[in-house]
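To start, the structure itself, in structure tokens.
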Number of protein chains: 2
Amino acid sequence: MEHLSAVDALSALAHDSRLAIFRVLVPEGPDGLPAGEIGKRLGIAANALSFHLTRLRYAGLVSVRRNGQQMIYAAAYDGMQRLMGFLTENCCQKDARGCSSDCPQGQPTSVKDKEPTPIARSA
Amino acid sequence: MEHLSAVDALSALAHDSRLAIFRVLVPEGPDGLPAGEIGKRLGIAANALSFHLTRLRYAGLVSVRRNGQQMIYAAAYDGMQRLMGFLTENCCQKDARGCSSDCPQGQPTSVKDKEPTPIARSA
DNA sequence: TCCATATTTCAACAACTATTGAAATTCACC
DNA sequence: GGTGAATTTCAATAGTTGTTGAAATATGGA
């Protein structure tokens with residue numbers, strides 16, 4: 001995951017309603033939930049919900065499929081996994097206990113062995 | 001980490017310059033870097049930099065100390081660790097390969113065993 | 001075809017966030 | 001005390017994002 005799409009994923013989750021939506025979807029697994037059900041559980045109006053779901057979808061964090069009149073949204077685990085991978089790789093200490101505390105992270109790398117990527121805006 | 005402070009941390013990182021700043025600080029470890037050096041490396045003006053550093057600090061992702069005229073900023077690993085913990089716990093599948101892919105996550109919990117927390121705004 | 005349900009789209013507006021240049025603050029050194 | 005360097009603060013503005021209500025689209029069933 002590139003710097004920029006990480007920003008997309010982070011900002012998709014950096015909203016109260018969207019984080020709540022995502023958290024509702026996670027335990028539902030690939031089956032997901034119809035938009036209406038999400039809205040009902042969280043008390044979010046249909047149009048606002050649609051707005052937020054689009055944003056999550058754009059960030060690759062949820063997928064959609066149609067089932068009759070309903071749109072079924074599901075957490076896109078691979079998108080989340082890419083985000084976690086990016087954060088672990090770029091934003092966490094590499095030695096011993098990194099950010100996933102109870103998970104020894106494999107290759108311990110010494111701090112300071114890596115040039116930070118300069119900020120580059122694509123557009 | 002609560003839902004809301006997770007949103008704070010996520011939105012602090014959900015910006016191109018701030019993510020770049022954080023990534024510059026991570027490999028420097030607890031020694032950190034003076035603000036000016038960060039600005040020089042990333043080509044960010046002093047006042048803008050100060051704005052972003054304040055935001056990161058507010059989110060608990062960097063710490064500051066003074067050294068003479070310089071302000072030394074360092075990545076706050078514990079803040080990042082809390083964020084990673086929150087995401088692993090709330091936004092990832094719990095079974096077998098969760099989001100930290102190569103890290104078997106200890107207690108595998110079955111999907112669907114957890115009521116999602118309803119969205120609650122404190123203010 | 002007509003109706004009801006589910007969801008999205010649109011446009012207007014409100015709210016928030018970022019950027020800029022100028023001024024202020026803090027500290028070290030003379 | 002005065003000067004210069006590092007950093008922050010401020011105010012104005014621009015830009016982006018979220019919210020709301022109304023209208024449109026898509027689907028299934030009578």
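Reminder, nothing fancy here: chain letters follow the sequence lines and each chain counts from 1.
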* Under 4.0 Å between a side-chain N/O of A:R66 and OP1 or OP2 of D:dT27, yes or no? -> yes
* Are side-chain heavy atoms of A:C91 and B:M84 found at a separation under 4.5 Å? -> no
* Asked: For the pair made of CD1 in A:I44 and P in C:dT7, what is the distance, rounded to whole Å?
  -> 13 Å
* Any side-chain heavy atom of B:H15 within less than 4.5 Å of one from B:F22? -> no
* Asked: C:dT9 C1' sits how many Å from A:L53 CG, rounded?
  -> 14 Å
* Structure fact -> Which of D:dT8, D:dT27, D:dG21 is nearest the side chain of A:N47? It is D:dG21
* Using only side-chain N and O atoms of A:H52, determine if any of them is under 4.0 Å from OP1 or OP2 of D:dT19. => yes
* Could you give the CZ-to-C1' distance, from B:R18 to C:dA18, as a whole number of Å? -> 8 Å
* Please report, rounded to the nearest Å, how far the C1' atom of D:dG28 is from the CG atom of A:N67. => 12 Å
* Distance in angstrom units between B:L10 CG and D:dT17 P, rounded -> 16 Å
* Ignoring backbone atoms, test whether A:Y58 places a side-chain nitrogen or oxygen under 4.0 Å from the OP1 or OP2 oxygen of D:dT17. => no
* C:dT20, D:dG18, C:dC27: which one has an atom nearest the side-chain heavy atoms of A:F51? -> D:dG18
* Checking only heavy atoms, does the side chain of B:Q69 share a donor-acceptor pair with the base of D:dA5 at less than 3.5 Å? -> yes
* Which of the following nucleotides, D:dT20, D:dT8, D:dG18, is nearest to the side chain of A:R55? -> D:dG18
* Nearest to the side chain of A:A35 - D:dT7, C:dT7, C:dT19? -> C:dT7
* Could you check if a side-chain atom of B:L13 sits within less than 4.5 angstrom of a side-chain atom of B:M80, using non-hydrogen atoms only? => yes
* Please report, rounded to the nearest Å, how far the P atom of D:dT7 is from the CZ atom of B:R65. => 13 Å
* To do: Measure the shortest side-chain to side-chain distance between B:L53 and B:M71 over non-hydrogen atoms and say whether it is less than 4.5 angstrom.
  => no
* To do: Consider the side chain of B:H15, meaning its heavy atoms from C-beta on, and name the nucleotide among C:dT7, D:dT9, C:dA18 that approaches it most closely.
  => C:dA18
* Take the protein atom CD1 of A:I38 and the nucleotide atom C1' of C:dT7, then report the distance between them rounded to whole Å. => 12 Å
* Asked: Nearest-Å distance, CG (A:L49) to P (D:dG18)?
  -> 14 Å
* Asked: Heavy atoms, side chains only, cut-off 4.5 Å: are A:I38 and A:I44 in contact?
  -> no
* **Phosphate OP1/OP2 of C:dA6: any A:Y73 side-chain N/O under 4.0 Å** => no
